[in-house]
2 protein chains.
Amino acid sequence: MQCKQIGGLKHLSDLGLFVQRLLARSRLTEEEQHAIMALPTYEMEVRARQDFVPLGEETDYCCYIASGLVARVGQVKNGSRQTTALHIPGDMADLHSAVRPIGIGGLTALTDTLILRIPHAAVRTLGRDFPAIAEAFWRDCILDAAILMQWAVNLGRKDARSRLAHILCELAIRYGGGRGYPLLEFDLPMVQEQLGDAAALTSVHVNRSLKTLRQERLVTVRGGIVQIHDWQRLMQAGEFDPTYLVADTFPDRQKRLVFQ
Amino acid sequence: MQCKQIGGLKHLSDLGLFVQRLLARSRLTEEEQHAIMALPTYEMEVRARQDFVPLGEETDYCCYIASGLVARVGQVKNGSRQTTALHIPGDMADLHSAVRPIGIGGLTALTDTLILRIPHAAVRTLGRDFPAIAEAFWRDCILDAAILMQWAVNLGRKDARSRLAHILCELAIRYGGGRGYPLLEFDLPMVQEQLGDAAALTSVHVNRSLKTLRQERLVTVRGGIVQIHDWQRLMQAGEFDPTYLVADTFPDRQKRLVFQ
DNA sequence: CGAGCAATTGAGTCGCATCAAGCTAGGTGG
DNA sequence: CCACCTAGCTTGATGCGACTCAATTGCTCG
């Protein structure tokens, strides 16, 4: 890899995964890639079950997930929560806040998590100086919205078993690097209560539904580890079509639409 | 209003509403505003219940809604549909497709609708020549995602009556111009079956729930017309907080973050 | 070894889907 | 002018999926 000089190495290990994700969907020059990795970051350790971005409050920084697992949550008066997205290491969980600092849910750590905070001001400056980076960020936000749309369909129109299967499929593809191939075994440090918040189910029903999936030999979720036994049938069970996640195999011209 | 010269007037009446929406959230110069209104448009008349952007297909144009009502839908194998957004006149229903041409649902006309198609190429060129316009478009996409997040919470965590109340509240605010004040009476040319697709309910249950809301004297939905009788209590019923829709009363500097 | 949290299982209840009519209003043709 | 048709609205009866409450088991850790 490039950028071996002192000082660069740290940034490379920090935001390198993020840049890789961007490159799957957008074309960026070496210079642009380095500019992103040179973003100033401020470490923040968050412990499990801690809300580190409260719902409905403005922030002045974006949260990059270096390690751990984060949920974006909305809330209802009676206290129950609805998770609307799961963010894994390499995700910029609230990139959108750089352009509109309010309106999209709070962020909760599901497990001990290392966040790198990046000031909005730095993100904006980057977008101004490198229009292609602004475009890549914009496209990243669109992908997030596409995932959210599937999430809404999932909540509205499927039964408990299908909803859980869909969530597991989505994570398998995303852990697999978003190129269309699932990772068949991965950590998922969520308790069943938290899975319930994501699937709009109670923990009791999550338990029963996971049991069903296990007995069907589709997938085992136990002790924070997901083992997918039959990817094809799991996709069927979740009515999961990875197209919306991986449709970024555009011809190159489409990865850099605005700026030639 | 400006731009009275021949040829300009037509465009003003076409995309003027769209520019107004953008101005509620982003700062644009006169020149930029005119550049947007000068976008080339191609009329397309769509009749009720017609899918005019099929699910999962790439397009090379954006759809501006000049009149009518449009639903963004996702689909499930068994044939049932889930509406994930409603688009009213003045909305650019799939602005995101300019940057990522696939992945977010299909578009269906709920009533006879006049669409203005705008080639992606023109949108991209505009974004390249006027970075502030690209930023405004980006911000518009974020608002769309914020609405979608609330929609997901709505589907996941509320009962039938609350879900319908929330949808009606959202529309009242948006018809009101997005400045925080609801329009208390508006057309809603949807049949109960279509409301069911939006709220993830059967038409039978939509009917019963609307009856409840009517008997509570909160709102009457009949014959394609919505009459809100008690805005405060309707918001309570839907657990609706308009902040996420109208939190664009930023200080001016925040309406034009990237480019001074 | 007990405390505490999560996973698991059972029994009872409720909200919404499903199936099935009947109703209403607008449109059409004889 | 009335018989008929159709789309949408309304209401009732019944069943299922998910929630709720409650108890038990297993696991981890101090």
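Just so we're on the same page: letters track the sequence lines, and every chain starts at 1.
One N or O on the side chain of A/Thr113 and one on the backbone of A/Leu69 form a donor-acceptor pair closer than 3.5 Å. No donor-acceptor pair under 3.5 Å is formed between the side chain of B/Arg25 and the backbone N or O of A/Arg100. No side-chain donor-acceptor contact under 3.5 Å links B/Arg157 to the backbone of A/Gly74. Judged by distance alone, with hydrogens and angles left aside, the side-chain atoms of A/Arg117 form no donor-acceptor pair with the main-chain N or O of A/Tyr42 at under 3.5 Å.
A side chain to side chain contact (heavy atoms under 4.5 Å, CB included) with B/His229 is found for exactly one of B/Leu184, B/Thr220, B/Leu213, namely B/Thr220.
When the side-chain nitrogen and oxygen atoms of B/Arg49 are compared with OP1 and OP2 of D/dG8, one or more of them lie within a distance under 4.0 Å. Residue A/Lys211 places none of its side-chain N or O atoms closer than 4.0 Å to OP1 or OP2 of C/dA7. For the pair A/Arg222 and C/dT8, the criterion of a side-chain N or O lying under 4.0 Å from OP1 or OP2 is met. Taking side-chain N and O atoms only, A/Gln192 has no distance below 4.0 Å to OP1 or OP2 of C/dC5.
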Atom pairs, protein N/O to nucleotides 11-19 of chain C N/O, distance under 3.5 Å:
from, atom 1, to, atom 2, distance (Å)
C/dA11, N6, A/Arg208, NH2, 3.2
C/dC16, OP1, B/Ala160, N, 2.9
C/dC16, OP2, B/His205, NE2, 3.3
C/dC16, O5', B/His205, NE2, 3.4
C/dA17, OP1, B/Thr202, N, 3.3
C/dA17, OP2, B/Thr202, N, 3.3
C/dA17, OP2, B/Thr202, OG1, 3.1

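One can place CG of B/Asn207 at 14 Å from P of C/dT24, the figure rounded to the nearest angstrom. The distance from atom CD1 of B/Ile225 to atom C1' of D/dC9 is 16 Å, rounded to the nearest whole Å. In this structure, A/Leu210 atom CG and C/dA7 atom P are separated by 9 Å, rounded to whole Å.
Ring geometry for B/Phe18 against B/Tyr64 counts as perpendicular: the plane angle is over 60°, on a 0 to 90° scale with 30° as the lower cut.
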